[in-house]
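A short worksheet on the structure shown next.
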Amino acid sequence: DAGVTQSPTHLIKTRGQQVTLRCSPKSGHDTVSWYQQALGQGPQFIFQYYEEEERQRGNFPDRFSGHQFPNYSSELNVNALLLGDSALYLCASSLLDREGTEAFFGQGTRLTVV
Amino acid sequence: QKEVEQDPGPLSVPEGAIVSLNCTYSNSAFQYFMWYRQYSRKGPELLMYTYSSGNKEDGRFTAQVDKSSKYISLFIRDSQPSDSATYLCAMSEPGSSNTGKLIFGQGTTLQVKP
């Protein structure tokens, strides 16, 4: 079992550009959540996808959007990149609201906006 | 004021020491409490998960939740150099399970010196 895989591992973009990050969940999981982790900070929840629908959303602007595919994989899109979007973007997969289970995190994508 | 407060450290201890890590929170509705460990350049991994108040022990790790004081702790006994990492406390939003929207503390960086 490969666990949660994210791609790419590192990315450098220019301010104003758009970026797409990808996540493949752990085998058997149906829910994907995305988090942003700035340097020296804890992860902040961006949104969660289940059955190809955005189920919950954190306090992030509309520049952040996502998608979940029928195979449960997910993409995070960020438009009009700002310098402040530089962070580690983490994907977590889980079974929806299944008490006693856990969310597994990928290694993240390090995004640098210059 | 942040919903979850965690002393960022860094915390440096000698091998074999007992380590105490703590978080306070403001939302009395939190029900699920978790501790994650994050090694450098890796995603967080779940260490301990507690529902509501009480203690939970797993090997060298003990998690405590005091809902009356809105205070949670993680104790590491006989600390090892391999325990050197950032420790993140997390709580799930009221109405969510432990796999829903997680609210993280800032993380405490721990170094265990041989």
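Hydrogens, waters and symmetry mates are skipped; everything else that's a heavy atom, side chains included, is used. Below, read A as the first sequence line, B as the second, and so on, with proteins coming before strands; counting in each chain starts at 1.
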Would you say B:Val19 and B:Leu47 are hydrophobically clustered, going by side-chain heavy atoms of ILVMFWY under 4.5 Å? yes

If hydrophobic clusters are built by linking Ile, Leu, Val, Met, Phe, Trp and Tyr wherever their side-chain heavy atoms come under 4.5 Å apart, do A:Tyr72 and A:Tyr49 end up in the same one? no

[atom1] of [X] to [atom2] of [Y]: how many Å apart, nearest 0.5 Å?
| X | Y | atom1 | atom2 | result |
| --- | --- | --- | --- | --- |
| B:Lys101 | A:Gln56 | NZ | CD | 7.0 Å |
| A:Gln41 | B:Thr86 | CD | OG1 | 11.5 Å |
| A:Phe104 | B:Glu45 | CZ | CD | 10.0 Å |

More than 12 foreign heavy atoms under 6.0 Å from [atom1] of [X]: is that the case here?
| X | atom1 | result |
| --- | --- | --- |
| A:Asn59 | CG | no |
| A:Arg15 | CZ | no |
| A:Leu39 | CG | no |
| A:Phe47 | CZ | yes |
| A:Leu82 | CG | yes |

Which one, A:Gly58, A:Ala38, A:Gly108, A:Gly40, leads in non-hydrogen pairs under 4.5 Å with chain B?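 Winner by heavy-atom pair count: A:Gly40.
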
Tell me which of these, A:Gln44, A:Arg110, A:Gln107, has more heavy-atom pairs under 4.5 Å with chain B than the rest. A:Gln107

Check whether [X] gets within reach of chain A through its side chain, its backbone, both or neither, counting any heavy atom under 4.5 Å.
| X | result |
| --- | --- |
| B:Pro44 | both |
| B:Leu46 | both |
| B:Gln38 | side chain |

Counting C-beta onward and ignoring hydrogens, is there a side-chain heavy-atom pair between B:Phe104 and A:Phe45 closer than 4.5 Å? no

Is any side-chain heavy atom of A:Pro43 closer than 4.5 Å to one of B:Leu102?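 Sidechains of A:Pro43 and B:Leu102: no contact.
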
